[in-house]
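To keep things clear, I will list the structure first and then write my remarks on it.
For the numbers below, each heavy atom of this structure counts, side chains included, while hydrogens, waters and symmetry mates do not. Here the structure is a predicted model, which is why all the values come from computation and not from measurement.
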Amino acid sequence: MAVLTLTAPPRTSVLTDVGHVWWRETLTIVRDPFSLIFSLLQPLVFLGLFGPLLAGVAGGAAAFGGSSLQWFLPGVVVMITMFGTSMTGANLQFEIMTGAFERILATPLSRSSLMIGRALKELTPLVVQAAVITLVAIPFGFVLYPLHVVVGLVLLGVFGVGIGALSYALAIAARKTEWIFWAVQQSLLFPLLILSGMMLPLETGPGWMQVVSKFNPLTYVVDAERVLFAGGIADATVLWGFVAAILTALVGLAVGIRSIRKATI
């Protein structure tokens, strides 16, 4: 009499699992490229309408090549990162509502790879969007330093991984009440952007705002991007930008992995 035995599927390495999750998430962008194109409209509007107004306002523009675009474009690229990565949890909420997330949790994939792979997926649209915005600005007076911009995109990628992971963690925490995700996301996003000096120089703002900005990791990322996009690299500002980005990534992944490990089917 034959005995039927059931064996568990072989376990794969975490790196392999991360690659599978990253590819699955990236395919959603490939299948719907219009969402990526549409997300470029708002940054282009900011760049085209808000940038010229800074010609006589951005007092630090002379230090960044004498062009308001040289000062403003890095802030727009950071804005793309924040808008894109902070809203990624909405995709996870949709999967939770449709039951797809529960099916993913039932797979032999490690829980940590589910979070890391999703967070790394944010690098793909981020690099494409930032590159397009930068190229569009060249005919309008922006001076391109290719290698420095690449370093700036790496910095943004590290920072975006952390913000994306935090967004996913928030989606898991708010899976039973969807509105909480949007309330928290919107309540934090705009103060962080404004207090980073992304759109207007904080040097002309009140003292309390300048003090608060020192506790905002986004401030250091924006400052580092401005130095890099202006052709500088051997600068303490860039170092502090990478420190802020790496710490954000570590905290985001730690919180995100902890949240997805505690998620129940």
Side-chain angles (χ1 to χ4, degrees), residues 29 35-54 58 60-61 63-65 67-88 119-164 167 189-190 192-202 213 216-233 235 237-238 240-246 248-249:
I29 303 174
S35 61
L36 184 62
I37 297 172
F38 183 77
S39 62
L40 286 170
L41 293 179
Q42 187 178 45
L44 286 173
V45 169
F46 269 81
L47 194 63
L49 299 181
F50 201 89
L53 296 176
L54 292 172
F64 295 94
S67 168
S68 60
L69 274 180
Q70 213 73 30
W71 184 90
F72 188 60
L73 179 64
V76 173
V77 174
V78 173
M79 183 183 71
I80 294 174
T81 304
M82 289 298 293
F83 273 105
T85 57
S86 67
M87 292 190 292
T88 52
L120 288 176
K121 184 267 297 183
E122 305 310 323
L123 294 174
T124 308
L126 169 62
V127 171
V128 173
Q129 291 174 323
V132 171
I133 292 293
T134 302
L135 293 175
V136 167
I138 293 176
F140 299 96
F142 177 76
V143 180
L144 178 64
Y145 299 91
L147 294 180
H148 298 77
V149 170
V150 169
V151 175
L153 293 180
V154 172
L155 170 60
L156 283 178
V158 174
F159 185 74
V161 166
I163 298 298
S167 180
L189 177 61
F190 288 100
L192 286 174
L193 288 174
I194 294 172
L195 291 173
S196 69
M198 183 208 79
M199 292 183 290
L200 291 171
L202 291 176
S213 70
N216 180 8
L218 195 58
T219 301
Y220 302 95
V221 174
V222 171
D223 291 343
E225 290 296 328
R226 284 186 174 134
V227 172
L228 288 168
F229 275 58
I233 192 167
D235 193 297
T237 303
V238 177
W240 281 113
F242 270 99
V243 169
I246 292 171
T248 301

* Separation between CG of L73 and CD1 of I138, rounded to the nearest 0.5 Å -> 9.5 Å
* **Shortest non-hydrogen separation from V222 to S196 and the atoms involved** => CG2-OG, 3.8 Å
* To do: Mind telling me whether F142 and F229 have parallel, tilted or perpendicular rings, with 30° and 60° as the class edges?
  => tilted
* Might you point out which heavy atoms bring M198 and R226 nearest each other, and give the distance in Å? => O-NH2, 2.9 Å
* Is the shortest heavy-atom distance from the side chain of V151 to the side chain of F242 under 4.5 Å? -> yes
* Structure fact -> Heavy-atom closest pair (A244 atom, Y220 atom, distance to 0.1 Å) is CB-CB, 4.0 Å
* To do: Side-chain contact test, heavy atoms from C-beta onward, threshold under 4.5 Å: evaluate it for V143 versus Y145 and give yes or no.
  => yes
* Structure fact -> CD (Q129) and CG (L156) are apart, to the nearest 0.5 Å, by 11.5 Å
* To do: Write down the atom of V221, the atom of L155, and the distance for their closest heavy-atom approach.
  => O-CD2, 4.3 Å
* Structure fact -> So CG of L135 and CG of L144: to nearest 0.5 Å the spacing works out to 7.0 Å
* Asked: Roughly how far, to the nearest 0.5 Å, is the CD1 atom of I194 from the CG atom of L189?
  -> 9.5 Å
* Side-chain touch L195/T219, heavy atoms, less than 4.5 angstrom -> no
* Measuring from D223:CG to E225:CD, what's the distance to the nearest 0.5 Å? -> 10.0 Å
* So, for P217 and T248, which heavy atoms are closest and what is the spacing to 0.1 Å? -> CB-OG1, 4.0 Å
* So do the side chains of I163 and T81 get within less than 4.5 Å of each other, counting heavy atoms only? -> no
* Asked: Looking at A224 and G241, what are the two nearest heavy atoms and their distance?
  -> CB-CA, 3.8 Å
* Asked: Any side-chain heavy atom of F83 within less than 4.5 Å of one from L193?
  -> yes
